[in-house]
Amino acid sequence: MLQTILAWLSFLGLIAAAVPAALWWANRLQAADVIQPPLVACLTLTISAGGLSQVMLIQGVIGIPLTFWGIVLPYLVLVAPGWGYAARHAGHVRLPQLHVDRSTVITAGLLMLIVVSILYTGLYIPLYRADTTGIYLPAALPMFQQGILDPLIGADSLYRTYPVLIPSLYALSFMASGWENEYLAKLLPTLLSLGCIPASALIAWQLNRHTAAAWTAALLTALTPLFGAWASAGYVDLPMAFLYALCVWFVLRAWEQRSAFDALCAGIVLGLAANAKNAALLAVPLFICLLFAAVILRRVPWQAAPISLAACAGIGAPFYLRNLAGAGFILPATAWTEQAERTVYNLFAFVTQFENFGVVGIMILLALAALPFVVRQHRNAMPFGIVLAFALIYFAAWWWFVSYDPRFLLLILPLLTGFSGSIGALAWERIGQPMRRVILPGLLIAACVLTVSRAYYSAEYKDEFLRAPLMSHPDKLIMVGRVTPPP
């Protein structure tokens, strides 16, 4: 019990240790024009989860035995410069000045209600979805039990060649706890999934520079039924979506501010996204094209392109080169492409699958329909085009290859909600103040009703929890159907 408590404290400490480095990173970005709280939250998650998993990946690839302190100490060295920055600037810290009104307070409260519901399922319920118990957990056990990455066995490796960012976080939590602590194992994956909320806000802010756009995007993300169903599952889709959205945000900044450093950051985060889910590799050709277009159009210095690509390859390539050497292929043929349903119904999945996307899907479609008006009236429509390019390349691949499962559309959800939040804020600005006063109460009531519904359905096994809140781990395994109850 004591070791488990210390494991929880140590994990929270490892996340907190990344905050000074996140503050340094935000300062290095010269991001005074950005809403600071979501930016620091996103950078903290990227540094902590990305740093710990990358240390484990490099050690595993080169054959260094994986141990808890052997992983934590290099990670602490990695974030140590942030502590130095915090010590030097301790007397000059300024809390971000945010415009707070009644609508902002209500929106923040609604978001917290959904976040708490997701955290309950993430931290109280053990692993229960098929891939978490059939793929990610088996990949984590060799790291925990033997200190090695799951060994490859040639062409039969298949699921052993899945990226290891999430399984490595599972394994590290097991090492800290001394047992297969699936609750702690879900902590960082759940936080990474929740990171899609501030990431979508950053996208919206970058497109519109309006706090209403950021709040709208965050709420749209949280209100998506599919998001609430999967954010607490410990899966890889939403963590990859978070990193992918952050990469696109860096691309937008690099393009708009002619920033080589942002281009470098985009490459780093895209490499981490590839280590979370191999679907991120699909965006690499588009990323390369945009980098070289930025160089040709003198949006960034020419050195930015090779440096950014080198950073992306340096972080993402080791795992895939290991696959090639040990299994004979880079990507496993695990997608059931023959089951893809290339239909008009799926082409409009965001509105035809109301049970998965709800009113958010309708908002996304309306925002896409309004794009021609935005292009015509907005002086700089290129940022909108960049976001849509990174989103639509995935949607096209989903529709053609894997449209049998709407879950894969979560990969682009923060991009689409960020885009929709921005378009929605632009439309709101065109409404006269008297009409806003008439519409706003109805919007807030609808948001409250939808939030309560989402929070209710995002909490899994709530009836069982209310009957026995102190249920033991073996009883929970029976509850989720992983263990057969005794006769």
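Just so you know, these numbers come straight off a predicted model, no measurement behind them. Residue numbers start at 1 and run along the sequence shown.
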Starting at [atom1] of [X], measure out to [atom2] of [Y] and round the result to the nearest 0.5 Å.
X: F350; Y: L368; atom1: CZ; atom2: CG; value: 8.5 Å
X: L23; Y: T44; atom1: CG; atom2: OG1; value: 7.0 Å
X: T451; Y: I114; atom1: OG1; atom2: CD1; value: 4.5 Å
X: T133; Y: E182; atom1: OG1; atom2: CD; value: 8.5 Å
X: L347; Y: T352; atom1: CG; atom2: OG1; value: 9.0 Å
X: E460; Y: R129; atom1: CD; atom2: CZ; value: 5.5 Å

* Asked: Should we say atom OH of Y345 is surrounded by more than 12 heavy atoms from elsewhere, each under 6.0 Å from it?
  ->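 Counting neighbours around OH of Y345, more than 12 heavy atoms of other residues, nucleotides or ligands fall under 6.0 Å, so yes.
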
_Let's go through L194 and I197 carefully: what are the C-alpha distance in whole Å and the side-chain angles of both, what is the deciding distance for side-chain contact (heavy atoms from CB on, under 4.5 Å) to 0.1 Å, and is it a yes or a no?_
CA-CA 6 Å; L194 289 171; I197 296 175; 4.3 Å; yes

Under the 3.5 angstrom rule, does the side chain of [X] hit a backbone N or O of [Y] as a donor-acceptor pair?
X: K186; Y: Y183; result: no
X: Y235; Y: D131; result: yes
X: R258; Y: V300; result: no
X: S422; Y: G418; result: no
X: Y159; Y: A139; result: no
X: D405; Y: R407; result: yes
X: T224; Y: F227; result: no
X: R299; Y: W255; result: yes
X: R322; Y: A317; result: no
X: S173; Y: Y170; result: yes

Close side-chain approach of [X] and [Y], heavy atoms under 4.5 Å:
X: Y128; Y: I125; answer: yes
X: N323; Y: Y162; answer: no
X: L187; Y: L184; answer: yes
X: I203; Y: T417; answer: no
X: I15; Y: L191; answer: yes
X: I412; Y: I393; answer: no
X: L246; Y: T46; answer: yes
X: T132; Y: I166; answer: no

Which heavy-atom pair separates [X] from [Y] by the least distance, and what is that distance?
X: T216; Y: G421; value: CG2-CA, 3.9 Å
X: A304; Y: A263; value: CB-CB, 4.2 Å
X: L252; Y: P383; value: CD2-O, 3.5 Å
X: L415; Y: V387; value: O-CG1, 3.7 Å
X: A340; Y: Y404; value: N-CD2, 4.1 Å
X: L219; Y: A447; value: CD2-CB, 4.1 Å

request  = In plain terms, say whether E256 and R209 are close enough for a salt bridge, that is, a side-chain N and a carboxylate O under 4.0 Å apart.
outcome  =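 The answer is yes: the pair qualifies as a salt bridge.
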
Are [X] and [Y] close enough that a side-chain donor and a side-chain acceptor fall under 3.5 Å?
X: S117; Y: S458; answer: no
X: S168; Y: S53; answer: no
X: N346; Y: Q353; answer: yes

Go through it in stages, so that I can follow the logic: the residues are Q206 and V251, the test is side-chain contact (heavy atoms from CB on, under 4.5 Å), and I'd like the CA-CA distance, side-chain angles, deciding distance and then a yes or no.
CA-CA 11 Å; Q206 197 67 31; V251 171; over 6 Å; no

* Check the pair L123, W8 against side-chain contact (heavy atoms from CB on, under 4.5 Å), reporting the backbone distance first and the verdict last. => CA-CA 11 Å; L123 305 183; W8 279 94; 4.1 Å; yes

How about [X] and [Y]: are their ring centroids closer than 6.0 Å?
X: F408; Y: Y394; value: no
X: W398; Y: F395; value: yes
X: Y124; Y: Y120; value: yes

Give the table of side-chain donor-acceptor pairs shorter than 3.5 Å for residues 264-285, with sequence neighbours excluded, one pair per line with atom names and distance.
residue: N275; atom: ND2; partner: Q54; partner atom: OE1; Å: 3.0
residue: N275; atom: ND2; partner: I315; partner atom: O; Å: 3.0
residue: K277; atom: NZ; partner: D237; partner atom: OD2; Å: 3.4

* Report the relative orientation of the aromatic rings in Y244 and F390; use parallel for angles under 30°, tilted for 30 to 60°, perpendicular for over 60°. =>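 Rings of Y244 and F390: perpendicular, as their planes differ by over 60°.
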
- prompt: Would F357 and I364 satisfy side-chain contact (heavy atoms from CB on, under 4.5 Å), going step by step from the backbone distance to the final call?
  reply: CA-CA 10 Å; F357 301 101; I364 291 172; 5.7 Å; no

